[in-house]
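Quick notes on the structure that follows.
Worth saying up front: this structure is predicted, and the values here are computed from it rather than measured.
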Amino acid sequence: MNKKTLMSDFILVRPRIYINDNISLGPGKIDLLRAIDGFHSLSAAAKDLGIPYKRAWLLIDTLNKGIGKPVVITSTGGSKGGGSVLTPLGKKLLTWYDKVEANLNEQSQQDLHDLEKIIFGDN
């Protein structure tokens with residue numbers, strides 16, 4: 001197969017996975033999980049992503065309840081302030097999603113190249 005490099009760095013596949021009727025796992029929740037893992041703070045993660053804290057909290061609450069096991073654990077206040085950390089399950093979800101996303105993008109290279117030609121023309 002002739003492997004072509006995309007001219008654009010912003011054409012990629014970002015999957016949304018539906019798990020029963022309870023939850024979906026897609027780019028928004030994954031980006032939030034990744035930000036929480038980096039900042040160790042739901043508030044800082046929400047601010048970094050430009051979403052309201054309440055929306056971020058609801059996304060995590062939906063994920064925790066939908067899966068039936070926590071993916072994020074939060075603690076409040078105290079002398080050192082609160083914090084949020086991913087559980088081992090949360091870390092596994094991030095790793096799994098990154099692998100699936102990479103696989104889908106690799107398998108979709110020709111289709112993405114075709115899309116690039118449609119949008120930007122032949123170069």
Side-chain angles (χ1 to χ4, degrees):
M1 182 172 143
N2 184 11
K3 190 158 186 157
K4 299 174 184 172
T5 304
L6 292 173
M7 293 172 52
S8 171
D9 289 333
F10 60 86
I11 295 179
L12 61 111
V13 177
R14 302 254 4 238
R16 180 178 315 277
I17 313 301
Y18 295 92
I19 305 165
N20 298 320
D21 292 333
N22 298 333
I23 57 167
S24 64
L25 183 63
K29 287 178 184 159
I30 289 297
D31 290 346
L32 180 56
L33 289 176
R34 189 170 286 112
I36 290 168
D37 196 35
F39 289 106
H40 302 286
S41 164
L42 181 58
S43 178
K47 186 175 183 178
D48 185 66
L49 295 173
I51 60 175
Y53 174 83
K54 183 168 182 158
R55 173 84 176 130
W57 185 90
L58 287 170
L59 288 170
I60 295 303
D61 189 54
T62 300
L63 201 53
N64 283 343
K65 287 179 179 174
I67 292 175
K69 299 181 237 176
V71 295
V72 173
I73 296 174
T74 60
S75 60
T76 57
S79 61
K80 297 180 183 177
S84 299
V85 295
L86 297 188
T87 64
L89 174 60
K91 288 185 181 280
K92 286 179 186 177
L93 283 174
L94 269 183
T95 301
W96 176 86
Y97 187 92
D98 288 344
K99 182 182 88 173
V100 167
E101 185 177 76
N103 288 341
L104 287 171
N105 278 284
E106 179 65 30
Q107 293 168 8
S108 301
Q109 282 301 296
Q110 183 59 52
D111 292 326
L112 296 175
H113 189 272
D114 293 346
L115 176 61
E116 188 174 59
K117 285 196 285 189
I118 291 168
I119 295 171
F120 302 110
D122 286 325
N123 288 328

Return the set of residues passing side-chain hydrogen bond (donor to acceptor under 3.5 Å, both in side chains) with Asp111 (not counting sequence neighbours), or none when no residue passes.
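Asp111 satisfies side-chain hydrogen bond (donor to acceptor under 3.5 Å, both in side chains) with no other residue.
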
Which residues share a side-chain hydrogen bond (donor to acceptor under 3.5 Å, both in side chains) with Arg14, sequence neighbours left out:
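With neighbours one apart ignored, the set is Asp31, Glu101.
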
Testing the basics here: between [X] and [Y], what is the closest heavy-atom pair and its distance to 0.1 Å?
X	Y	result
Leu59	Ile51	CD1-CD1, 4.4 Å
Pro70	Thr87	O-OG1, 2.8 Å
Tyr97	Pro15	OH-O, 2.6 Å
Leu32	Ala45	CD1-CB, 4.0 Å

Any side-chain heavy atom of [X] sitting closer than 4.5 Å to one from [Y]?
X	Y	answer
Lys99	Asn103	yes
Ile30	Leu94	yes
Leu93	Ile67	yes
Ile60	Leu42	yes

Rounded distance [0.5 Å steps], [atom1] in [X] versus [atom2] in [Y]:
X	Y	atom1	atom2	value
Leu25	Leu33	CG	CG	7.5 Å
Gln109	Glu116	CD	CD	9.5 Å
Ile119	Ile11	CD1	CD1	4.5 Å

Which residue pairs satisfy the side-chain hydrogen bond (donor to acceptor under 3.5 Å, both in side chains) criterion with at least one member in residues 36-45, sequence neighbours excluded?
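Passing the test, one end in residues 36-45: Asp37-Lys91.
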
Strictly by side-chain hydrogen bond (donor to acceptor under 3.5 Å, both in side chains), give each pair with a member in residues 50-62 just once, sequence neighbours left out.
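Every pair satisfying side-chain hydrogen bond (donor to acceptor under 3.5 Å, both in side chains) with a residue in residues 50-62: Asp61-Lys65.
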
Backbone N/O of Ile36 and side chain of Ser84: donor-acceptor pair under 3.5 Å
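Looks like no, no N/O pair under 3.5 Å.
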
Qualifying residues under salt bridge (charged side-chain N to carboxylate O under 4.0 Å, His left out), relative to Lys69, sequence neighbours excluded
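Here no residue qualifies.
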
Transitive ILVMFWY cluster of Val85 at side-chain heavy atoms under 4.5 Å: who else is in it?
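Answer for Val85: Ile73.
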
Under the rule for side chain to side chain contact (heavy atoms under 4.5 Å, CB included), what residues qualify as partners of Asp98, not counting sequence neighbours?
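For Asp98, the residues satisfying side chain to side chain contact (heavy atoms under 4.5 Å, CB included) (neighbours in sequence not counted) are Arg34.
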
